[in-house]
> 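Here it is: the structure, laid out below.
Just so it is clear, the values below take in all heavy atoms, side chains as well, and ignore hydrogens, waters and symmetry mates.
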Amino acid sequence: MKTNQRTIKKSRLQLLHQYYNYTGFYKFLGTSLKKALPPILIFIAALLAINFFVININDVLVHVTENYSNFVVLTVFFISESLLGLIPPEIFIAWSDKTSNPIAYLSLLALLSYLGGVVSYFIGKSITKIPAIHNYLEIKMAKHIKNTRKWGGFLIIVGALLPIPFSITSIAAGMIRYSFVSYLLFGLLRFVRFYLYAIAIFSLV
């Protein structure tokens, strides 16, 4: 009986492996990881270089904290996270360490980033209502969109955890009409990213 169960389990794993290999998921995964790793290393190197050779980041953050209200900083961050993530969130994570309650403001930043992603999701969903874009996605990009829908969860996880603008992956999720409930669940990893990055950044600035 145990042998049969192992055989069935092994067969299912083999079928799953064949499926991912056939659909190109492994290639997609490898390419995504290769693209994600350099930005992480570049950001850390740039942060250290700027801090030691250009300007003391700690002084800059103190200046921002003393001259701009928390509301203004948080508003700018939310707008950025809703519109393509133009400003790296790591800057705001470092800023939160200089506030009166770093953990509370860090959590608020994570929440605003999460909500900004939701806004981006609906922006992406709205874009597909434009006839030209709809036709392009459904006709010329049909095969790519089909595969992306299969791996939509992974796409959101990558955007939530890695230094890739979460807004862009959220817009993509909206454009392919990925399940909104699933998007919200996977998007919660955004909180994990902020806390993990804070551990590293708080010790640097």
> Report the residues that fulfil side chain to side chain donor-acceptor pair (under 3.5 Å) with Ser113, sequence neighbours left out, ordered by chain and then residue number.
Glu81, Arg190
> Got a sec, which residues hit side chain to side chain donor-acceptor pair (under 3.5 Å) with Ser126, two or more places apart in sequence or on another chain?
none
> Would you mind listing every salt bridge (charged side-chain N to carboxylate O under 4.0 Å, His left out) that reaches into residues 114-123, with sequence neighbours excluded?
none
> Would you say Tyr105 and Ser100 are linked by a side-chain donor-acceptor pair, where the criterion is simply a distance under 3.5 Å?
no
> Kindly give the heavy-atom pair with the smallest separation between Tyr195 and Leu106, and that separation in Å.
CD2-CD2, 3.5 Å
> Show your working on side chain to side chain contact (heavy atoms under 4.5 Å, CB included) between Val118 and Tyr183 and close with a plain yes or no.
CA-CA 9 Å; Val118 173; Tyr183 167 81; 4.1 Å; yes
> What pairs with Tyr114 under side chain to side chain donor-acceptor pair (under 3.5 Å), at least two apart in sequence or on another chain?
none
> Taking ring pair (Phe, Tyr, Trp, His ring centres under 6.0 Å) as the definition, give me every residue that meets it alongside Phe180, ordered by chain and number, with sequence neighbours left out.
Tyr121, Phe122
> Write out all pairs satisfying salt bridge (charged side-chain N to carboxylate O under 4.0 Å, His left out) with one or both partners inside residues 106-120, taking only residues at least two apart or from two chains.
none
> According to salt bridge (charged side-chain N to carboxylate O under 4.0 Å, His left out), does anything in residues 105-125 pair up with another residue at least two apart or in another chain? List the pairs.
none
> Is the terminal nitrogen or CZ of Arg193 (NZ for Lys, CZ for Arg) located under 6.0 angstrom from the six-membered ring centre of Tyr197 and within 45° of that ring's axis?
yes
> Rounded to the nearest 0.5 Å, what separates atom CD1 in Ile123 from atom CD1 in Ile171?
5.5 Å
> Ser96: which residues meet the side chain to side chain donor-acceptor pair (under 3.5 Å) condition with it, sequence neighbours left out?
none
> With a 3.5 Å cut-off and no angle check, do the side chains of Ser120 and Ser170 form a donor-acceptor pair?
no
